[in-house]
Chemist: 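My structure is below; once you've seen it, I'll send some questions.
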Amino acid sequence: MSSITISVIRPRTSILDKSLSKGKGEVNISCYALLFSELVQYCQNRVYTVPELQNKLSQMGTEVGHRVGDLLVVREKGSKRDIKLLNILLFIKSTLWKSLFGREADKLEHANDDEQTYYIIEKESLVNKFVSVPKDKGNLNCASFVAGIIEAVLGDCGFLAKVTAHWHKGTTYMVKFDDSVIARDKQLEDR
């Protein structure tokens, strides 16, 4: 008597078939530190001054920001983007920060003297935690990478702004919005 074997062939699933809503995996902090260290070294080998290095890190962060912003809008907001200034800033302070760093940013402040300027304050920035800055690069702030991420997320949501990282109360991200964004937000408030 002969036996017949029937095998079941599973269809291959590609990464495009997988759901975007799954997967909020965490990355080991030492792996992150190594990867970020390599990124900083890569950028440092292609520039000559500290401002050029910070700009290069910001450009790299912008590339990350375009992707992570779209992913979070789809995953967390059901593809609905915020149209009010305060709502997008709270989205960045909470949702974006939790996604990137596992916790919310410490503070969100509005400048007293300038209606276009907001500050996102982080007492201990993860990107600066494992960075030792040489004396010849004294004012280097590697958080420019995160500033690039913030700028890209804001820009993709229709809030044109320039974001820079500064040493103040830990790490402070200064978000300076374009005049058109402030005007549009005032029109939305009047409705």
Side-chain angles (χ1 to χ4, degrees), residues 15 23-73 75 88-89 91-109 111 114 116-178 181:
I15 194 164
K24 291 187 179 181
E26 294 184 10
V27 176
N28 185 313
I29 194 82
S30 59
C31 291
Y32 169 79
L34 176 65
L35 179 64
F36 191 70
S37 167
E38 290 298 319
L39 178 79
V40 172
Q41 289 177 35
Y42 173 85
C43 293
Q44 188 175 1
N45 291 335
R46 284 155 177 75
V47 298
Y48 298 105
T49 64
V50 171
E52 286 178 344
L53 177 56
Q54 290 183 162
N55 285 338
K56 188 77 167 165
L57 286 169
S58 181
Q59 290 170 359
M60 298 285 244
T62 300
E63 294 301 318
V64 173
H66 290 308
R67 288 160 180 79
V68 78
D70 286 341
L71 179 66
L72 288 176
V73 167
R75 189 182 279 171
I88 191 68
L89 287 169
F91 172 76
I92 288 171
K93 179 191 178 288
S94 60
T95 307
L96 177 69
W97 236 258
K98 283 179 187 175
S99 175
L100 293 175
F101 307 115
R103 62 180 180 79
E104 283 192 21
D106 296 317
K107 280 186 179 178
L108 173 65
E109 293 181 358
D114 185 6
Q116 295 177 309
T117 305
Y118 287 81
Y119 303 103
I120 299 172
I121 300 169
E122 195 175 25
K123 290 179 182 146
E124 189 175 321
S125 174
L126 184 63
V127 294
N128 287 329
K129 189 173 187 175
F130 302 107
V131 174
S132 56
V133 179
K135 290 182 180 178
D136 64 327
K137 296 185 179 8
N139 61 349
L140 172 65
N141 192 337
C142 291
S144 296
F145 178 75
V146 179
I149 294 173
I150 297 167
E151 189 172 317
V153 170
L154 286 170
D156 290 349
C157 291
F159 295 89
L160 297 177
K162 179 66 182 155
V163 183
T164 53
H166 303 275
W167 295 108
H168 180 71
K169 299 180 185 178
T171 301
T172 299
Y173 302 95
M174 184 173 79
V175 183
K176 187 152 182 82
F177 288 99
D178 190 62
V181 173

Chemist: Applying ring pair (Phe, Tyr, Trp, His ring centres under 6.0 Å), can you list everything that pairs with Tyr118, at least two apart in sequence or on another chain?
Modeler: His110, Phe177
Chemist: Quick one: are Trp167 and Leu140 in side-chain contact, heavy atoms under 4.5 Å?
Modeler: no
Chemist: Within this structure, what is the OG1-CD1 distance for the pair Thr62 and Ile150, rounded to the nearest 0.5 Å?
Modeler: 10.5 Å
Chemist: Scan residues 153-164 for pairs that pass side chain to side chain donor-acceptor pair (under 3.5 Å), counting only residues two or more places apart or in two chains.
Modeler: His66-Asp156, Thr164-His166
Chemist: After noting the C-alpha distance and the side-chain angles of Gln54 and Ser58, does the key distance pass the side-chain hydrogen bond (donor to acceptor under 3.5 Å, both in side chains) rule?
Modeler: CA-CA 6 Å; Gln54 290 183 162; Ser58 181; over 6 Å; no
Chemist: Do any pairs count as a ring-ring contact (aromatic ring centres under 6.0 Å, His included) and have a residue in residues 146-165, sequence neighbours left out, and if so which ones?
Modeler: none
Chemist: Work out which heavy atom in Leu160 is nearest to a heavy atom in Val181; give both atom names and the distance.
Modeler: N-CG2, 3.4 Å
Chemist: Nearest 0.5 Å, please: how far is CD in Glu151 from NZ in Lys176?
Modeler: 13.5 Å
Chemist: Could you pull out all residues at least two apart from Glu52 that satisfy salt bridge (charged side-chain N to carboxylate O under 4.0 Å, His left out)?
Modeler: none
Chemist: Tell me the closest heavy-atom pair linking Cys142 and Val40, and the distance in Å.
Modeler: SG-CG2, 4.0 Å
Chemist: Excluding sequence neighbours, so at least two apart, what forms ring pair (Phe, Tyr, Trp, His ring centres under 6.0 Å) with Phe145?
Modeler: Phe36
Chemist: To the nearest 0.5 angstrom, please state how far the OH atom of Tyr173 sits from the OG atom of Ser144.
Modeler: 8.5 Å
Chemist: With a 4.5 Å heavy-atom cut-off, do Ile29 and Leu126 have their side chains touching?
Modeler: yes
Chemist: Considering all heavy atoms of both residues, which atom of Gly65 and which atom of Val153 are nearest to each other, and what is their separation?
Modeler: O-CG2, 3.5 Å
Chemist: List the atom of Val127, the atom of Ala143, and the distance in Å for their closest heavy-atom pair.
Modeler: CG2-CA, 3.5 Å
Chemist: Considering all heavy atoms of both residues, which atom of Leu154 and which atom of Ala161 are nearest to each other, and what is their separation?
Modeler: CD1-CB, 4.1 Å
Chemist: What distance separates Ile92 CD1 from Ile120 CD1, expressed to the nearest 0.5 Å?
Modeler: 5.5 Å
Chemist: Compile the donor-acceptor pairs under 3.5 Å between side chains in residues 99-108 and protein atoms, sequence neighbours left out, one pair per line.
Modeler:
residue : atom : partner : partner atom : Å
Arg103  : NH2  : Glu124  : O            : 3.0
Glu104  : OE1  : Lys93   : NZ           : 3.0
Asp106  : OD2  : Lys123  : N            : 2.6

Chemist: Could you give the distance from CG (Asn45) to NZ (Lys56), rounded to the nearest 0.5 Å?
Modeler: 11.0 Å
Chemist: Between CG of Leu57 and CD1 of Ile149, what distance do you get to the nearest 0.5 Å?
Modeler: 10.5 Å
